[in-house]
Amino acid sequence: MGLLRWNIIVPVMGCVCVSHGVQAKKRVVESKPNIVIILADDLGFGDISAYGENGIRTPNIDRIAREGIRFCNGYAASSTSTPSRYSLLTGRYPWREGAQVLNGNAPLLIREGLPTLPRMLQAAGYVTGVVGKWHLGLGNGDVDWNGEIAPGAREVGFDYSFITAATNDRVPTVYVENGKVVGLDPEDPIEVSYTRNFPGEPTGKSNPELLKFLPSHGHDQAITNGISRIGFMKGGKAACWVDETMGETFLAKAFEFVKQHKDQPFFLYYALHQPHVPRVPNPRFAGKSSMGARGDVILEADWCVGEFLKLLDSLALSENTIVIFSSDNGPVLDDGYQDGAIEKLGKHKPAGPFRSGKYSSYDGGTHVAFLLRWQGHVRPGSSDALVSQLDLYASLAALLGQPDETADGENVLKALLGKSGRGRKELLLEATGENVILRRGNWIYIPPMVHEGYWVPPMESGRMEVPQLFNVKKDAGQQENVADRHPVRVRKMDAALRQIRGIQ
Ligand code: NG6
Ligand code: CA
């Protein structure tokens, strides 16, 4: 799929740069723009002010929207992180791999030899880097955190990496730079387990008096930086991250990467950890929103984005850099800690007009903010084209004249660059536990589902024993299930879904 090649004439640095040695249809961009993907973690469509009325202002993220294209039908591939990130980097649907939320000691999910977005960009002459949340597994299942950690980001195609292994609520709570734990004292080696505690180590459950705040569900195991996590850990005290400075630590590494590579084409995957739990803002942002810690860390994320954009300005890179901003999945309020996210929400609607959020089969799970800026090349505006993070690999490959080796990506470059209002015709979306749904045009079909998967009350999972069909043009909030009124459409969409998934 995705082999529909469309090479464009893109004005670069004020001129029209095309390769004249080949036929018109083979023309490709000669000068390679830098590419930056900024991916937030659990940020809702309604959490940024560029998408309309809400309880928080995000002027820096809004700047990308104002100077670029604001996509109103942009999607993550899944309503949780690992599957979503898997698709972003591979252009493959996550259910092909059975991708689920990974623990910190899980092996690398992306199989050796599988084509990836960063590999494609390396082949196109880019230097590639990832800074932030990884969550795609590391090693082969028996990681020694005290030695060389491989395979990992390098094997997937990143020349440089500064990452957390999983989520900021999972052990090991250390940064890994180019396959090595940062700041590790060899006298205090790290051990990690997701099944049993290490003798003598306090946990959130047994020692709540050591905690800065309490968990609400799960998250009562190892304690680091006064916060209880998922999983057990021993040692590595000097290497443990400080949650309060994680935002600026990632920002500093993103800065270093850009400064170091400003004179060559670069790709940076800048994977913010905000506003995933635990939500621990830098003291400069604590109390700055009216929404408690969740609002504060969104303000912090917005500041990080603003500083990053200013860096591009100061290096005169803004015109030659494509900046894409999105989130790995939709929003969640209580995701395991008592941080006031529900109590302090006020009138704010994290998912905007969409129903439910993270983990859900409803649109709030995957329908996320999706912005693209390419100053001087892409005319600012708004687009209703259906686009997915799944398509970035195929589309950027088309931009650079590289082959699209993805299984499921589509070349939606015209839509991404604002030259067409049409994107995909249909798109599969995944909630937890491989519950897969189909969006076709303005219709969303959710098949009857039984799979348990993850669940976090009090949100709506969207799983029902009956088929659900919504016309999201008329009913963005998916309030009216019209499956009974459209049996033929239900049958056809069900058959299409099964056919793409290869199931009876
Ligand atoms: C869940 C965690 C949740 C979060 C999620 C992954 C519990 C009860 N919940 O298992 O807190 O870590 O995994 O989030 O442990 S994601 O954004 O990376 O997909
Ligand atoms: Ca997430």
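Keep in mind that the numbers below use all heavy atoms, side chains included, and drop hydrogens, waters and symmetry copies. Just follow the structure's listing: the first ligand is 1, and inside any ligand the first atom is 1. Positions are given from 1, in the same order as the sequence printed here.
Close approach of ligand 1 to Ser81 (heavy-atom distance below 4.0 Å) involves ligand atoms 16 (S), 17 (O), 18 (O), 19 (O). Residue His219 has at least one heavy-atom neighbour below 4.0 Å for each of these atoms of ligand 1: 7 (C), 9 (N), 11 (O), 15 (O). Atoms of ligand 1 lying under 4.0 Å from at least one heavy atom of Asp42, given by number and element, are 17 (O). Which parts of ligand 1 touch Val101 is read off a 4.0 Å heavy-atom cut-off, strictly below it: atoms 6 (C), 13 (O), 19 (O). Of all atoms in ligand 1, numbered sequentially from 1 with element shown, those under 4.0 Å from a heavy atom of Asp41 are 17 (O). Annotation for ligand 1: atoms under 4.0 Å from non-hydrogen atoms of His135 are 18 (O). Close approach of ligand 1 to Asn329 (heavy-atom distance below 4.0 Å) involves ligand atoms 17 (O).
The shortest non-hydrogen separation linking Gly247 to His273 is N-CE1, 3.5 Å. Contact record, Arg424 with Tyr93: NH1-OH, 3.8 Å, taken as the closest heavy-atom pair. The two residues Gly157 and Thr128 come nearest to each other via the heavy atoms O-OG1, 2.7 Å.
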*asked:* Evaluate Glu307 against Lys310 for salt bridge (charged side-chain N to carboxylate O under 4.0 Å, His left out), listing each step before the verdict.
replied: CA-CA 5 Å; Glu307 292 302 297; Lys310 277 193 235 161; 2.9 Å; yes
>> Evaluate Arg355 against Ser360 for side chain to side chain donor-acceptor pair (under 3.5 Å), listing each step before the verdict.
In response: CA-CA 9 Å; Arg355 186 165 175 180; Ser360 181; over 6 Å; no
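In this structure a side-chain-to-backbone donor-acceptor pair under 3.5 Å is missing from Glu426 to Arg440.
Side-chain contact check for His219 and Asp335: no donor-acceptor pair (N or O, by modelled atom type) lies under 3.5 Å. Residues Asn282 and Glu300 bring no donor and acceptor atom of their side chains to less than 3.5 Å of each other. Judged by distance alone, the side chains of Thr58 and Ser49 do bring a donor and an acceptor atom under 3.5 Å apart.
Note: no N/O pair closer than 3.5 Å links Thr167 and ligand 1 by distance alone. For ligand 1, none of its N or O atoms has an N or O atom of Thr80 under 3.5 Å away. No N or O atom of His217 sits closer than 3.5 Å to an N or O atom of ligand 1. Checking only distances, Asp169 does come within under 3.5 Å of ligand 1, N or O to N or O.
If you look at Tyr362 and Phe354, their ring centroids are not closer than 6.0 Å.
Across Tyr269, Phe257, Tyr175, a single residue satisfies ring pair (Phe, Tyr, Trp, His ring centres under 6.0 Å) together with Phe250, and that is Tyr175. Of the candidates Ile69, Leu309, Ile322, Arg373 forms a side-chain contact (heavy atoms from CB on, under 4.5 Å) with just one, namely Leu309. When each of Thr164, Asp41, Thr167 is tested with Lys133 by the rule side-chain hydrogen bond (donor to acceptor under 3.5 Å, both in side chains), just one qualifies, namely Asp41.
Using bins of under 30°, 30° to 60° and over 60° for the plane-to-plane angle, the ring pair Phe285/Trp303 lands in the tilted bin.
When heavy-atom distances to ligand 1 are checked against a 4.0 Å cut-off, Lys133 comes that close only through its side chain, counted from C-beta outward. Using a 4.0 Å cut-off between heavy atoms, Thr82 makes no contact with ligand 1 at all.
Assignment of Tyr359 to the shell around ligand 1 is supported, since a heavy atom sits closer than 4.0 Å. Not a single heavy atom of Gly336 lies less than 4.0 angstrom from ligand 1.
Comparing Asn103, Asp220, Ile230 against atom 15 (O) of ligand 1, the shortest heavy-atom distance belongs to Ile230.
Of all protein atoms, those of element N, O or S that lie under 3.0 Å from the Ca ion (ligand 2) number 5.
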